[in-house]
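One structure is given below, encoded as structure tokens.
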Amino acid sequence: MQTSIATVSLSGGLAEKLEAIAAAGFTGVEIFESDLLSFNGKPRDVARMVASLGLKTVTFQPFRDFEGMPEPQRSRVFARAERKFDLMAELGCDLLMVCSNVSPDSLGGVDRAAADFHELGERAAKRGMRVGFEALAWGRHISDYRDSWEVVRRAGHPAIGLTLDSFHIFARKTDLKAIRSIPRDKIILVQLADAPWLDMDVINWSRHFRCFPGQGDFPLTDFMDAVLTTGYEGILSLEIFNDQFRAGSPRGVAVDGQRSLVYLLDQMRDHASPAAQATPQLPPRSQCLGVEFLEFAVDEHAAAGLHKLFQGLGFRQAGEHKSKAVSHWSQGDINLVLNSDTEGFAHSHQLTHGPSVCAVCLKVANANDTLERAAKLRDTPFRQPVGPGELEIPAVRGLGGSLLYFVDPASNLARLWDIDFVPAKHPAGHGSAGLTAIDHISQSMQYEEMLSWLLFYSALLDVTKTPQLDVIDPGGIVRSQVVQTADGALRIALNASQSQRTLSSRFLSDYSGSGIQHIAFGTDDIVATVKALQANGVKLLSMPENYYDDLEARTDLSAERLDVLRAHNVLYDKDETGEYLQAYTEGFQDRFFFEIVERRGYKGFGAVNAPIRLAAQARLAPPAAA
Ligand code: MG
Ligand code: MG
């Protein structure tokens, strides 16, 4: 199907928007009147620009407060429409979008509205143009697509059709069933927007919180199912009003838009309709079996510090890379890679960000299929030269310029540690501290990036997302959302803050960008692990006495158990499925830190304890620069 996006969805000037839209692979664009008015040039210049980019202007909008007007406004409205048709002729656009009237002057009545549209259809047809009618969720008389359809049906004019916009339909929780009985040739345009379910005024909800399909809560596959059932094969257009998008880069947001449509259509792959059948197939969402390794980029100085910390955490140096200054550390099912090479990707990441996690390697069912799907989703593949006989591990760009590698059990990639590494000559280490696996990874990002990475992970991997959660930091609110596989083999927490003073934000400024802020390792016995860490000299975050007094008051934990938690600075939570115990290391050079968790059937991430942890970290943090 042809894809389009409204200029209003992106930041920047009109030229910049159009370039971003074309570069992201859209074939169509909806030109918003405001973008045209602020453009320093004639509509003809816009037409030339659109054509030279290989785009087509699919509609010009919005045309407001049209139907059902009494005289003398009615005559004025038709005169206004004629002027828009003149402008559209210059713009090279043949579809005018009319949204339902919100004016208090408008008169109701389906037949009156239908008669107005019939006349508008006559005028449009004379110029070879068409008109689409959309029911705004807050229209004065028409706010439901079933009523706008009745108007279009009674108008009975070939130049008049219906525009379906998923936002307006879901915002009023309108039944989708009636879409299926609309003749396909009467649907002139389908606009797609997702949104989180918010209990707020619908106009503000629409103008600030729309997002791309897959980023919100609307059941858009149900909407697509109904639309495709009509046999509709026309344009799918994204019309997204979103504050974060208008603060983001137009190129990045446009790519996200295209990715959202590829992913949405991919979810409709089994639909019997001609449009779904004609959609190119992608390999299925990649099944993630776990995190194969995390790679840390460090300079020599930080390498020494991290060696010490890894040993303190119970890791053993297992191997050394055949051709690079790279070491492999392991414990349980956890693999860490420490890269202090002075060339290549990790080195440049280190120069930009300082000591940091520069790559996450996922173990997936099929690495090549994952890479192919990623490329079709417009993710950015990454390659760098490898030594003779060494593996080329498939990779794409991840958060903050980091990499996401893919290995699988079926190919040579499974033998990564044997092929690229030799056993360490001096396998340093204190012995295991009982860490078994990576429980979760926490990434901090700019608020504007959060929806982007949410879509990135959900479109590529077979994961689900948890509802958004707001966590209280001493410096402000941190928004948190988790993407995870059903079995917990992969859990990634995405955190973003709008305040400059939260730990999450300070991480971003100190780190020069987004990245992994903390890594949680699982253990079967947190107390034994904490004891081992302390014996190895690892500094753990100290928790306030008040926390344990409160825990005593609100749980039925025994005095003995509370004493143990208190003595080892272990935080506690419980849900309907089990218990969760957490402890934290102090930060490594104030860049990242490690969490130790014992998960006993518990499904969450200890959100109730996050403010306690954040406050404890804030007490240790150097004061913010004035
Ligand atoms: Mg719309
Ligand atoms: Mg955590």
Side-chain angles (χ1 to χ4, degrees), residues 1-10 17 21 26 28-36 57-67 84 88 93-103 113 117 120 130-149 151-152 160-174 176 179 182 186-196 201-213 215-216 218 220 223-224 226-227 230 232 234-243 245-246 253 257 260-261 264:
M1 295 176 92
Q2 303 260 49
T3 58
S4 155
I5 185 168
T7 53
V8 75
S9 314
L10 306 177
K17 292 181 187 208
I21 289 167
F26 290 94
V29 57
E30 290 184 25
I31 304 271
F32 258 64
E33 189 161 28
S34 53
D35 278 308
L36 191 64
T57 300
V58 304
T59 189
F60 177 70
Q61 76 144 317
F63 192 70
R64 299 186 193 281
D65 295 337
F66 165 71
E67 82 283 5
K84 297 299 170 197
M88 285 164 57
C93 166
D94 75 344
L95 178 63
L96 178 69
M97 275 272 301
V98 177
C99 46
S100 58
N101 203 327
V102 300
S103 165
F117 272 102
L120 192 62
R130 302 166 301 143
V131 174
F133 184 36
E134 170 190 73
L136 294 179
W138 53 90
R140 188 155 188 99
H141 301 288
I142 291 170
S143 56
D144 182 317
Y145 79 89
R146 293 166 295 196
D147 295 332
S148 51
W149 163 229
V151 168
V152 167
I160 300 292
L162 186 70
T163 295
L164 292 171
D165 181 320
S166 62
F167 180 86
H168 295 291
I169 294 173
F170 284 123
R172 295 179 61 92
K173 299 200 169 79
T174 319
L176 301 173
I179 293 177
I182 302 171
K186 293 309 284 183
I187 304 174
I188 218 158
L189 185 65
V190 171
Q191 293 182 317
L192 291 167
D194 201 343
D201 156 62
V202 88
I203 297 185
N204 280 317
W205 185 19
S206 172
R207 294 203 176 143
H208 301 280
F209 295 97
R210 289 185 181 216
C211 53
F212 291 132
Q215 294 181 326
F218 290 171
L220 276 170
F223 176 77
M224 282 303 294
V227 166
T230 68
Y232 180 80
I235 295 159
L236 297 179
S237 191
L238 298 166
E239 187 199 22
I240 315 292
F241 308 85
N242 181 296
D243 297 346
F245 294 1
R246 279 183 284 221
V253 172
S260 77
L261 289 179
L264 181 65

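Position 1 is the first residue of the sequence, and the numbers go up from there. Both counts, for ligands and for their atoms, begin at 1 and track the order of listing.
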Next on the checklist: Is it the case that the side chains of Q191 and E30 hold a donor-acceptor pair, with the cut-off being a distance below 3.5 Å and no angle test?
Outcome noted: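 Short answer, yes.
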
Next on the checklist: When you compare the side chains of D35 and T7, does any donor N or O come within less than 3.5 Å of an acceptor on the partner?
Outcome noted: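 Result is yes, a qualifying pair exists.
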
If you look at [X], which of its N/O/S atoms is nearest to the Mg ion (ligand 1)?
| X | answer |
| --- | --- |
| E239 | OE1 |
| D165 | OD2 |
| E134 | OE2 |

Checklist entry - What class does the angle between the rings of W205 and F167 fall in, given that below 30° is parallel, 30 to 60° is tilted and above 60° is perpendicular? => result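 Taking F167 first and then W205, their aromatic rings stand perpendicular (interplane angle over 60°).
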
Checklist entry - From L192 CG over to S4 OG, what is the distance, rounded to the nearest 0.5 angstrom? => result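 Rounded to the nearest 0.5 Å, the CG-OG separation comes to 10.0 Å.
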
Checklist entry - Is it true that some N/O/S atom of Q191, main chain or side chain, lies under 2.8 Å from the Mg ion (ligand 1)? => result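 An N, O or S atom of Q191 is closer than 2.8 Å to the Mg ion (ligand 1), so yes.
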
